[in-house]
Amino acid sequence: MRKIQTQGVHHITITGADRQSTIDFWEGVLGMPFVFEQPNLDKPEDGHLYFDPGDGRLITVFTSEERKPGRHRIDQGPGSLHHLAFNVSKVTFDQVVDRLDARGVKHSGVKDRGFMDSIYFREPNGMLIELASYRFEPPLGYTHTDVLHRAHLIRVAAGDDHIDTVHLTDAIEELVHQNTNTLSFDRSPKNPFSK
């Protein structure tokens with residue numbers, strides 16, 4: 001047996017309500033450009049709308065004019081989607097509460113996740129959406145996942161419960177040390193202020 005190696009999320013497809021309410025949420029609330037549409041090729045009487053979530057990949061939504069938005073019961077059991085999370089910048093994240101409040105949308109308020117901050121709310125059909133903002137930027141040449149993996153190793157070695165800012169800081173320092181050249185023989189921390 002051999003693995004089937006994935007190389008990222010290609011797209012995520014969601015069952016939505018009607019065409020306009022779908023556009024109003026994905027583009028009108030979350031700012032995702034509506035890039036193209038075509039019929040659902042497996043059910044041509046339904047629409048298939050494509051949105052760019054900000055990374056050039058796709059979120060697609062099946063629509064039907066017979067479906068109207070409403071707080072439908074969403075199964076979050078095994079094998080089901082619990083929530084869908086989107087990355088937002090810190091400046092956007094700092095305005096999310098006000099922008100959801102302006103629309104009368106119930107939300108969780110800001111949740112401290114150690115390595116990121118999150119806000120949760122339900123889209124018009126009841127699916128749980130998370131808007132998340134990392135508390136760090138990875139060093140050049142690394143991804144957020146690289147930093148989180150290294151922070152995890154540091155956290156486990158320290159016997160700590162979850163990744164927090166000190167683990168992230170140490171992980172970033174280790175990755176920079178590992179992947180950059182210097183003329184210094186001693187790269188240990190110094191205190192030039194004590195003299």
Side-chain angles (χ1 to χ4, degrees), residues 6-16 22-35 49-61 69 71-72 74-156 160-175:
T6 64
Q7 293 181 267
V9 173
H10 187 283
H11 70 277
I12 295 168
T13 300
I14 296 158
T15 300
T22 298
I23 296 167
D24 290 349
F25 177 73
W26 294 99
E27 187 171 48
V29 175
L30 296 183
M32 296 182 187
F34 176 30
V35 293
L49 282 55
Y50 293 72
F51 298 88
D52 178 351
D55 60 3
R57 291 183 177 14
L58 294 167
I59 296 290
T60 79
V61 185
R71 299 291 183 186
H72 303 285
I74 305 294
D75 184 5
Q76 291 180 313
S80 300
L81 176 72
H82 184 274
H83 69 276
L84 191 55
F86 296 103
N87 185 41
V88 295
S89 70
K90 172 76 167 113
V91 293
T92 299
F93 188 85
D94 288 346
Q95 297 180 27
V96 168
V97 167
D98 290 342
R99 293 181 183 203
L100 290 174
D101 287 349
R103 290 174 168 86
V105 176
K106 291 182 188 176
H107 55 80
S108 65
V110 175
K111 299 289 185 183
D112 176 347
R113 299 300 186 213
F115 62 92
M116 67 182 188
D117 293 305
S118 298
I119 293 176
Y120 300 87
F121 66 98
R122 295 200 178 271
E123 54 89 48
N125 294 303
M127 182 176 56
L128 188 61
I129 299 288
E130 174 185 3
L131 299 179
S133 180
Y134 284 113
R135 292 182 173 175
F136 67 95
E137 288 299 319
L140 186 63
Y142 289 99
T143 65
H144 285 91
T145 303
D146 295 326
V147 174
L148 289 168
H149 175 72
R150 184 66 59 97
H152 168 78
L153 297 176
I154 293 167
R155 172 193 72 80
V156 169
D160 294 331
D161 180 63
H162 63 278
I163 294 175
D164 214 334
T165 54
V166 66
H167 309 111
L168 295 169
T169 303
D170 291 348
I172 289 168
E173 184 177 334
E174 283 185 13
L175 292 171

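This chain uses plain numbering: 1 for the first residue, then up along the sequence.
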Which atom names give the shortest non-hydrogen contact between [X] and [Y], and what distance separates them?
X: Ile129; Y: Phe25; answer: CG1-CZ, 4.3 Å
X: Asp101; Y: Val105; answer: OD1-O, 4.3 Å
X: Ala132; Y: Met116; answer: CB-SD, 3.9 Å
X: Ala171; Y: Val147; answer: CB-O, 3.7 Å
X: His107; Y: Ile119; answer: CB-CG2, 4.1 Å

Could you check whether atom [atom1] of [X] has more than 12 heavy atoms from other residues, nucleotides or ligands sitting under 6.0 Å from it?
X: Arg99; atom1: CZ; answer: no
X: His10; atom1: NE2; answer: no
X: His11; atom1: NE2; answer: yes
X: Gln76; atom1: CD; answer: yes
X: Asp55; atom1: CG; answer: yes

**Aromatic ring proximity, centroids under 6.0 angstrom, Phe136 and His144** = yes

**Request:** Using atom types as modelled and distance alone, determine if a side-chain donor or acceptor of Asp112 lies under 3.5 Å from a backbone N or O of Gly114.
**Result:** yes

**Message:** Taking Ser118's backbone N and O only, do any of them form a donor-acceptor pair with Arg113's side chain (distance below 3.5 Å, no angle check)?
**Reply:** no

Do [X] and [Y] have side chains that approach each other closer than 4.5 Å (heavy atoms only, starting at C-beta)?
X: Glu130; Y: Leu128; value: no
X: Asn125; Y: Thr15; value: no
X: Ile172; Y: Pro139; value: yes
X: Ile154; Y: Val166; value: no
X: Leu30; Y: Phe51; value: no
X: Leu148; Y: Leu168; value: yes

**Request:** In sequence, state the C-alpha distance, the side-chain angles, and the governing distance for Ile59 and Phe86, and then conclude on side chain to side chain contact (heavy atoms under 4.5 Å, CB included).
**Result:** CA-CA 11 Å; Ile59 296 290; Phe86 296 103; 3.9 Å; yes

Nearest-0.5 Å distance, [atom1] of residue [X] to [atom2] of residue [Y]:
X: Phe93; Y: Asn87; atom1: CZ; atom2: CG; answer: 11.0 Å
X: Thr169; Y: Asp164; atom1: OG1; atom2: CG; answer: 9.5 Å
X: Phe34; Y: Asp52; atom1: CZ; atom2: CG; answer: 13.0 Å
X: Asp117; Y: Asp94; atom1: CG; atom2: CG; answer: 8.5 Å
X: Ile163; Y: Phe115; atom1: CD1; atom2: CZ; answer: 6.0 Å
X: Asp170; Y: Arg155; atom1: CG; atom2: CZ; answer: 14.0 Å

**Request:** Decide, yes or no, whether a salt bridge links Arg150 with Asp146 under the criterion of side-chain N to carboxylate O below 4.0 Å.
**Result:** no

**Request:** Assign the ring pair Tyr120 / His83 to parallel, tilted or perpendicular, where the plane angle (0 to 90°) is split at 30° and 60°.
**Result:** perpendicular

**Request:** Quickly, which of Leu84, Thr60, Thr22 forms a side-chain contact (heavy atoms from CB on, under 4.5 Å) with Ile14? Name it, please.
**Result:** Leu84

